[in-house]
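Numbered from 1 within each chain, the chains take letters A, B, ... in sequence-line order.
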Amino acid sequence: MIPFEGDALALAPRLIGVTLLVDGVGGIIVETEAYRRDDPASHSFSGPTPRNAAMFGPAFRAYVYRSYGLHWCFNIVAERHGAVLIRALAPLVGLERMAARRGGPAFLCAGPGRLTQALAITGALDGAPLDRPPFEWRERDGVPDIVAGPRIGITKAVEAPWRFGLCGSPFLSRRFPGTSPGYPRR
DNA sequence: TATCCGATGCCCT
DNA sequence: GGGCATCGGATAC
């Protein structure tokens with residue numbers, strides 16, 4: 001059962017603290033980004049195409065696309081043709097399988113490309129429903145402290161503070177501006 | 001700590 | 001043919 005709802009901007013912070021498992025491997029979501037339909041940085045901005053078809057289908061399915069030719073990125077399709085990019089997890093279950101897939105124990109899920117590698121998410125899951133295997137969800141226990149800041153790696157709408165993170169987590173892909181330094185960048 | 005750069009595939013104009 | 005919602009290694013300081 002999927003414990004969430006809403007459009008991309010509501011869903012992105014709502015997912016922080018929720019546990020995601022894929023085929024029994026995963027952890028606690030600590031970093032997300034929201035991409036809305038009318039957002040120049042969103043793949044859905046210019047309308048439906050073969051690549052972004054999942055974003056124009058039912059909400060709460062996967063949108064998986066290839067990034068820079070070699071990485072996969074995993075999104076949750078939200079209501080109103082938006083999506084939430086899952087950027088980092090606090091690894092919790094299946095650490096050895098993640099390390100084997102990653103080629104080492106470091107930075108298992110700190111970044112969208114590393115996360116899909118650790119969880120074995122590929123384009124084969126593009127459009128897949130999230131309320132059945134291999135996906136499994138566990139609701140968070142209360143509302144965590146959440147920080148927000150600009151999104152990473154985009155060239156349009158760079159100022160919108162639609163990146164969300166679990167405050168103080170050492171598993172973020174990068175630290176948030178204005179927070180204390182010391183988090184691993186890579 | 002910050003910046004640069006190459007690898008690499010494919011979508012979209 | 002241009003442009004990426006990235007990563008990891010190298011370089012300079």
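Both the sub-6.0 Å distance and the 45° axial angle are not jointly satisfied by A:Arg102 relative to the ring of A:Phe107.
Using a 30° and 60° split on the angle between ring planes, A:Tyr63 and A:His43 fall in the perpendicular class, above 60°.
At whole-Å resolution of the value, CE in A:Met55 and C1' in B:dC12 are 16 Å apart. Here the C1' atom of nucleotide C:dA5 and the CD1 atom of A:Ile121 are 15 Å apart, to the nearest Å. Rounded to whole Å, the distance from CD1 on A:Ile152 to C1' on C:dC7 is 14 Å. One atom, OH of A:Tyr65, and another, P of C:dC4, lie 12 Å apart when rounded to the nearest Å. One atom, CZ of A:Arg163, and another, C1' of C:dT6, lie 14 Å apart when rounded to the nearest Å. Atoms CD (A:Glu31) and C1' (C:dT6) sit 13 Å apart, rounded to a whole Å. Distance A:Phe56 CZ to B:dC11 P: 16 Å, rounded to the nearest Å.
A donor-acceptor pair under 3.5 Å is formed between the side chain of A:Glu33 and the backbone N or O of A:Ile152.
Of the residues in residues 38-52 of chain A, those placing a heavy atom less than 4.0 Å from an atom of DNA chain B are A:Thr49, A:Pro50, A:Arg51, in numerical order. For DNA chain B, the neighbouring residues in residues 67-77 of chain A, judged by any heavy atom under 4.0 Å, are A:Tyr68, A:Gly69, A:Leu70. Listed by residue number, there are no residues of residues 80-91 of chain A with a heavy-atom contact under 4.0 Å to DNA chain B.
Both A:Gly111 and A:Lys156 sit near DNA chain C, but only A:Lys156 has its closest nucleotide nearer the 5' end.
In this structure, A:Leu15 CG and A:Leu166 CG are separated by 12.5 Å, a value rounded to the nearest 0.5 Å. Between the CG atom in A:Leu89 and the CG atom in A:Leu119 there is a gap of 6.0 Å [rounded to 0.5 Å]. A:Leu20 contributes atom CG, which lies 6.5 Å from atom CD1 of A:Ile121 (distance to the nearest 0.5 angstrom). We find the CD1-CD1 distance between A:Ile28 and A:Ile16 to be 11.0 Å, quoted to the nearest 0.5 Å. In this structure, CG in A:Leu130 is found 9.0 Å from CZ in A:Phe60, a value given to the nearest 0.5 Å.
Evaluation of the ring pair (Phe, Tyr, Trp, His ring centres under 6.0 Å) rule for A:His71 yields no partner, not counting sequence neighbours. Checked against side chain to side chain donor-acceptor pair (under 3.5 Å), A:Glu136 has no partners two or more places apart in sequence or in another chain.
The only option from A:Phe171, A:Trp137, A:Phe164 that meets the side chain to side chain contact (heavy atoms under 4.5 Å, CB included) definition with A:Ile29 turns out to be A:Trp137. Considering A:Glu139, A:Glu79, A:Glu5 in turn, A:Glu139 is the only one that fulfils the salt bridge (Lys or Arg N to Asp or Glu O under 4.0 Å) rule with A:Arg14.
The side chain of A:Arg66 lies closest to B:dG9, out of C:dC7, C:dA5, B:dG9. Comparing C:dC4, C:dG8, C:dA5 by their nearest atom to the side chain of A:Tyr35 picks out C:dA5.
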For this session: Using Watson-Crick or G-U wobble pairs with both distances under 3.5 Å, give me DNA chain B in dot-bracket, 5' to 3', with [ ] for crossers and | for pairs to another strand.
Result: |||||||.||||.
Exercise. Should A:Arg151 and A:Glu31 be marked as a salt bridge (charged side-chain N to carboxylate O under 4.0 Å, His left out) after you check the CA-CA gap, both sets of side-chain angles, and the distance that decides it?
Worked result: CA-CA 11 Å; A:Arg151 294 173 291 184; A:Glu31 185 180 338; over 6 Å; no
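There is no side-chain donor-acceptor pair under 3.5 Å between A:Arg101 and A:Gln117.
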